[in-house]
Amino acid sequence: MKTQEPPDSNRPAQACQVDIPEQPDSAVQETSFAADAYDASSDLQVLDHEPIPDEEWHAQNGQSSALESQSNHQHGTYGYGSFPHTLRTGHDGHHKSTARALAPDLLRGLLMVLMALDHNSMVLQSWDHGTAAPQDETGAPQGENDSIPVHKWNHPIAHHIRVLAHLCAPGFTFLLGMGIVYFGRSRTSLGWSTTRMAWHFFTRAVVLTLVMIVMSLGITLGDTWFLNIVLFALAVDYLLSGLIWLVTAKTEKMLAFIILKVLPEKKEDDATEPLLANRRGVEDIAPDRAIIRAADISWHIHNVVLSTLAVVTIWWNIWLSPTNGHCGVEPVQKLPDTILARIWFYRVFDTDWRIISVFPPLAWISFAILGLVAGRIILARSWSTKAIAVGNLLAGIVFTIVFVGTRFLNAGNLSEGCLHMPEHERPDAPDNQYLASWRSFIYLIKYPPDVAFWAFTMAGNLFLFAFFSVIPPRLATIIFEPLLVFGTSALFFFVGHLTLQFALVKPVRHWFGHVLAHPDPWNPDQPAVGVDNLWIFFGFWLLVLAILYPLCKWYGAFKRRRGSDSIFRFF
């Protein structure tokens with residue numbers, strides 16, 4: 001910790017800062033969690049995104065006030081994420097962040113590692129890809145799908161890995177939404193217009209889709225040109241969430257001005273220096289505290305609206321289910337039976353069009369909207385590390401309660417009446433299928449995600465977020481440095497790990513593979529030829545990570561030298 005200097009009468013006292021060592025890969029990407037440039041001359045815009053907390057409240061709690069925040073901004077420090085960051089001046093005259101908000105990047109890095117482990121089983125064909133084994137020897141249908149009966153649990157190791165991997169896609173999408181808020185705040189400070197940011201969101205979505213198409217052709221050797229195993233969903237959700245953030249930023253300011261006009265004055269609303277930008281004329285000047293209250297009310301209203309939208313966009317997976325999530329029910333078509341309509345909400349397997357899509361974008365948008373809410377709350381003020389950790393912990397507990405409710409109330413599940421394991425066939429089996437065993441209790445439907453999946457995975461990610469939030473930054477950059485390297489080069493890692501896995505798997509399967517009992521996931525009519533030796537399985541996974549580590553580190557250094565709107569930052 002820095003030693004506190006004696007108060008200087010010429011400037012406001014600043015909050016205690018934390019010296020954080022510069023990370024080996026401090027390149028900022030578009031979904032990163034620190035501003036890569038902050039204009040020291042920009043004015044404080046109170047109603048631009050989040051409210052500035054009450055000055056007196058901050059004085060009582062030892063944090064910077066609104067006016068002090070402006071002074072800190074001009075003196076080269078600012079609060080961002082779970083702890084303050086110290087700025088350094090770059091060659092372009094802007095202040096550069098010497099550290100990132102570590103917890104989100106650590107979480108994303110861990111999720112990348114778990115994703116690679118999950119895909120390991122897919123390329124090695126070690127076992128069926130899911131918590132439940134196929135219904136029959138043909139390999140179809142599989143578990144984790146809407147209203148599909150399952151009769152057998154998968155191999156224990158396969159089951160445990162798959163449950164952990166369930167955190168990945170929700171976590172990526174959630175952090176994507178958070179990253180949009182950080183990105184928007186950073187680019188606003190650089191003077192980017194709304195149009196420029198909207199164009200960036202659109203361009204990034206197009207680039208991600210093109211990357212997906214190139215990978216699809218390579219992985220399937222030209223058999224499938226549209227293989228959406230997550231990138232297309234992330235592309236669309238990034239674009240939609242970015243547009244939602246832009247609209248929210250505009251309407252929040254508009255609503256605050258409307259509230260300001262009708263807000264009753266209080267005695268403590270003494271007229272002082274106005275904080276609203278672009279105010280003209282003495283008659284338009286409003287008391288500072290009234291402005292803060294109006295901004296605060298508008299901010300809370302928009303958070304409630306976004307949270308409601310997140311709930312609606314996960315529940316519509318239940319509403320749009322042809323069977324409403326019940327096995328043995330005659331399906332009712334809810335959307336037009338065309339690829340153009342189905343691809344947004346349902347899984348699509350079409351050999352004529354050569355399209356395979358298992359991540360419908362609008363079925364996953366809820367996670368990104370939750371990320372917007374989380375990002376707005378984190379950036380509302382300079383929260384302490386303890387506050388960030390406790391907030392994530394409490395949010396995780398809330399989602400845990402929701403998940404338990406889906407099991408006991410039989411609501412929000414796309415697997416009602418679908419479990420037919422041996423424990424469900426016993427005479428003393430409980431009426432509630434989810435209470436027959438612990439595996440039954442955590443059996444989740446991922447395609448599309450139901451409310452139980454949503455609550456379970458959000459709870460897991462938030463608990464991990466809380467854990468990473470309390471790790472001292474200096475310790476995190478030493479012990480968890482590989483996670484930071486992977487987490488700050490996410491798309492590069494995604495492309496790289498699949499490329500390496502599919503490139504290296506042929507010799508590995510040739511030397512160590514043999515015919516297995518389950519069907520080939522790519523050719524269900526044929527038995528799989530894979531590797532089920534656990535030493536080879538985990539060794540292959542570690543080998544891929546070891547190769548990727550220096551590559552991601554190199555790419556981070558390369559990316560750091562690119563401009564703020566460089567296409568290479570997309571990776």
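Here the structure is a predicted model, which means the values were calculated and not measured. In what follows, residues are counted from 1 in the order of the sequence shown.
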Glu144 and Thr131: side-chain donor and acceptor closer than 3.5 Å? yes

Reference residue Met215; test side-chain contact (heavy atoms from CB on, under 4.5 Å); the match among Leu231, Thr220, Ile229: Leu231

Rounded at 0.5 Å granularity, tell me how far CG in Asp118 sits from CE in Met115. 9.0 Å

Are Arg407 and Asn413 linked by a side-chain donor-acceptor pair shorter than 3.5 Å? yes

Fit a plane to each ring of Phe493 and His497, take the angle between them on a 0 to 90° scale, and name the class: parallel (under 30°), tilted (30 to 60°) or perpendicular (over 60°). parallel

Which donor-acceptor pairs under 3.5 Å do the side chains of residues 364-371 make with protein atoms, sequence neighbours left out?
residue	atom	partner	partner atom	Å
Ser366	OG	Ala310	O	2.6
Ser366	OG	Trp454	NE1	3.0

Any chance CH2 of Trp535 has more than 12 other-residue heavy atoms, nucleotides or ligands included, within less than 6.0 Å? no

Could you walk me through whether Trp245 and His200 satisfy the ring-ring contact (aromatic ring centres under 6.0 Å, His included) test, starting with their C-alpha distance in whole Å, then the side-chain angles of each, then the deciding distance to 0.1 Å, before giving a yes or no? CA-CA 13 Å; Trp245 182 84; His200 166 87; over 10 Å; no

Here the disulfide bond (SG atoms under 2.5 Å apart) pairs for residues 381-441, sequence neighbours left out, are Cys327-Cys418

Does CZ in Phe349 sit with more than 12 non-hydrogen atoms of other residues, nucleotides or ligands closer than 6.0 Å? yes

If the condition is disulfide (SG to SG under 2.5 Å), which residues does Cys168 pass it with, not counting sequence neighbours? none

Side chains of Tyr434 and Thr406, donor plus acceptor under 3.5 Å: no

Could you tell me whether a side-chain N or O of Ser186 sits under 3.5 Å from a main-chain N or O of Phe183, the two making a donor and an acceptor? no

Residues Arg376 and Asn303: side-chain donor-acceptor under 3.5 angstrom: yes

Smallest heavy-atom separation, Leu124 atom then Val505 atom, equals CD2-CG2, 3.8 Å

Taking side chain to side chain donor-acceptor pair (under 3.5 Å) as the test, write out the residues that go with Asn228, two or more places apart. Ser357

Mind listing the side-chain donor-acceptor pairs of residues 329-337 below 3.5 Å, one per line with the distance, residues two or more places apart or on another chain?
residue	atom	partner	partner atom	Å
Gln333	NE2	Leu335	O	3.1
Lys334	NZ	Trp319	O	2.8
Lys334	NZ	Ser321	O	2.8
Lys334	NZ	Asn324	OD1	3.2

Taking atom CZ of Phe486 and atom CG of Leu110, what is their separation to the nearest 0.5 Å? 11.5 Å

List the atom pairs, with distances to 0.1 Å, where a side-chain N or O of residues 397-404 and a protein N or O form a donor-acceptor pair under 3.5 Å, not counting sequence neighbours.
residue	atom	partner	partner atom	Å
Thr400	OG1	Gly396	O	2.8

Using only atom types and a distance under 3.5 Å, with no angle test, would you say the side chain of Trp344 pairs donor to acceptor with the backbone of Leu340? yes

Crowding at CZ, Phe202 (>12 non-hydrogen neighbours, <6.0 Å): no

